[in-house]
Number of protein chains: 2
Amino acid sequence: MTKKPADPANGGAPAAGPAARQVPMRDFSRSLPMSLLRAREAVMRQFRPSLREHGLTEQQWRILRALASIEAVEVTELARTAFLLGPSLSRILRDLEARNLIERKTAKADQRRSMVSISKDGVKLMASVAPTSEAIYAEITRRFGARKLAELQEMLGELERSLAGLGASEEASPEE
Amino acid sequence: MTKKPADPANGGAPAAGPAARQVPMRDFSRSLPMSLLRAREAVMRQFRPSLREHGLTEQQWRILRALASIEAVEVTELARTAFLLGPSLSRILRDLEARNLIERKTAKADQRRSMVSISKDGVKLMASVAPTSEAIYAEITRRFGARKLAELQEMLGELERSLAGLGASEEASPEE
DNA sequence: CGCATTCACTTAACATGTTAAGTATCTCCG
DNA sequence: CGGAGATACTTAACATGTTAAGTGAATGCG
């Protein structure tokens, strides 16, 4: 329960170490990336045990959920939806296919593309996980407050939008 | 190269698959974990290029920043501060030590503990990265709005606190 | 003192994140 | 029609996330 940041609560020496402290930066523990990371971890910690019991990782679950609402998708589109990078998705799909949770077949029109869909086993697995998952989500909503949750989501969306196209100033296509 | 799952521009879901949709769940793309993940990714995408130029990963940078404000810390305490799991930290410290960016020495009172501190080279490296990093943070703040940013951070903190002690067994994550 | 327990890490093993290459297709233009 | 370039993935390589087991050093207790 006790959370102690970078506070040298030990001896009490004011500290004046070997080469420390010379670069003045915001308090590290309050940076936006850290806040987002901690918040997300706090949330995911609620779900991981349940998923684990069903033999699913967070990412595998994301993929199944993304597939559940559509008939079939191309890998690239699925990567966007499940917010996974191509290589990760490629590996995970290989495993999920081996477990018969998804199905894959190359598109007729374009042999490069492969269409991915959830299998019956996949649907069954989802059905067994969804109740617990929803219950956890409901508890989180109850604790934090439905309204605040909506507000938070809205702000997160705004943050995303306000940063869109800021760091992509190189690498690939100038336009996009 | 620009391979990023960043665009939630999925074109909706016609939906009506073979074995799909039977388990009614919230729209996957709007789940809290996904919102947090996307927001954090949007933010980190701004920083990664700069860090990379200096040969640092996001986690290595977190560690250096955590070390910059104190004389020395135990590994466990550092793990809490930098929000890293023990094993990850162990590996990263090994590498940072090999690069002479940090120093380590076992505590006299307790041979099990090792005290970690940033080295002169580490401080120098930080000094060369900090300006860019601060500039990026300033731009993010400008785009999103300082007030909204503070609000967001506050909400994230509340979310964290409201979920504290919900997961079955705590004591297993980098936070507490 | 003797020894089981606890503690503070470290190693190991497996899955994903991330970037760079590689491979097979497909498109388009000369 | 043919080859350069773009596409849609897949592989590879390295770093981290995550859980479990291992190691050496302190503690507690009989």
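Quick note on labels: first sequence line is chain A, next is B, and so on, each numbered from 1. Source: prediction; values computed, not measured.
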Problem - Nearest-nucleotide pick for A:Ser88, side chain only, options being C:dT16, C:dA13, D:dA25 - result: C:dT16
Exercise for the section: Considering only NZ, NE, NH1 and NH2 on the basic side and carboxylate oxygens on the acidic side, decide whether A:Arg142 and A:Glu139 come within less than 4.0 Å. Expected result: yes
Exercise for the section: Taking only the side-chain heavy atoms of A:Arg104 (C-beta and beyond), determine which of D:dT10, C:dC7, D:dA26 contains the nearest atom. Expected result: D:dT10
Practice task
Indicate whether OP1 or OP2 belonging to D:dA20 is found under 4.0 Å from a side-chain N or O atom of A:Arg52.
Solution key: yes
Problem - Sidechain N-carboxylate O distance under 4.0 Å for B:Glu154, A:Arg30 - result: no
Problem - Of the listed nucleotides D:dC9, D:dT18, C:dG17, the one nearest the side chain of A:Arg48 - result: D:dT18
Exercise for the section: Between D:dA26, D:dT16, C:dA24, spot the one nearest the side chain of B:Ile92, thanks. Expected result: D:dT16
Exercise for the section: Among C:dG17, D:dG17, C:dA8, find the nucleotide with the atom closest to the side chain of B:Arg62. Expected result: D:dG17
Practice task
Classify the nucleic acid contact of B:Thr57 as base, sugar-phosphate or nothing, counting any heavy atom under 4.0 Å across all strands shown.
Solution key: sugar-phosphate
Handout entry: Interatomic distance where CG belongs to B:Leu51 and P belongs to C:dT18 [whole Å]
Key = 13 Å
Completion exercise
Atom NZ of A:Lys108 and atom P of C:dT25 are separated, to the nearest Å, by 17 Å
Practice task
Check whether any side-chain nitrogen or oxygen of B:Gln60 sits under 4.0 Å from OP1 or OP2 of D:dT16, and answer yes or no.
Solution key: yes
Handout entry: From C:dT19, D:dG17, D:dT19, nucleotide with atom closest to A:Pro87 side chain
Key = C:dT19
Exercise for the section: Look at B:Thr76 and C:dA8 and indicate whether a side-chain polar atom (N or O) is within less than 4.0 Å of OP1 or OP2. Expected result: no
Handout entry: Nearest-nucleotide 5' precedence on DNA chain C, B:Gly86 against B:Arg91
Key = B:Gly86
Handout entry: Among D:dT10, C:dG17, D:dA26, the nucleotide that comes nearest once only the side chain of A:Leu84 is considered
Key = C:dG17
Exercise for the section: Report the distance from atom CG of A:Leu37 to atom P of C:dG17, rounded to the nearest whole Å. Expected result: 14 Å
Practice task
Check the distance between C:dA8's C1' and B:Arg80's CZ and give it to me in whole angstrom.
Solution key: 12 Å
Practice task
Between B:Val75 and A:Asp95, just flag the one whose closest nucleotide in DNA chain C comes earlier from the 5' side.
Solution key: B:Val75
Exercise for the section: Figure out the CD/P separation between B:Gln111 and C:dT10, and round it to whole Å. Expected result: 14 Å
Handout entry: Residue pair B:Ser35 / A:Gln153, side-chain donor-acceptor N/O under 3.5 Å
Key = yes
Practice task
Could you tell me whether B:Glu77 and B:Arg80 have a side-chain N and a carboxylate O separated by less than 4.0 Å?
Solution key: yes
Problem - Flag side-chain contact, heavy atom, 4.5 Å: A:Leu32 against B:Tyr137 - result: yes
Completion exercise
Among D:dC9, C:dC9, D:dG17, the one nearest any side-chain atom of A:Ser114 is D:dC9
Exercise for the section: Decide, yes or no, whether a salt bridge links B:Arg147 with B:Glu151 under the criterion of side-chain N to carboxylate O below 4.0 Å. Expected result: no
Handout entry: Under-3.5 Å donor-acceptor pair between B:Arg112 side chain and C:dC9 base
Key = no
Problem - For atom CD of B:Glu97 and atom C1' of C:dC9, their distance in whole Å - result: 14 Å
Problem - Euclidean distance, atom CG of residue B:Leu89 to atom P of D:dT16 [Å, nearest integer] - result: 10 Å
Problem - Whole-Å distance separating the CD atom of A:Glu74 from the P atom of C:dA24 - result: 21 Å
Practice task
Kindly say if A:Gln59 contacts the phosphate of C:dG17, meaning a side-chain N or O under 4.0 Å from OP1 or OP2.
Solution key: yes
Problem - Closest listed nucleotide, where the reference is the side chain of B:Leu85 and the choices are C:dA20, D:dG17, D:dA20 - result: D:dG17
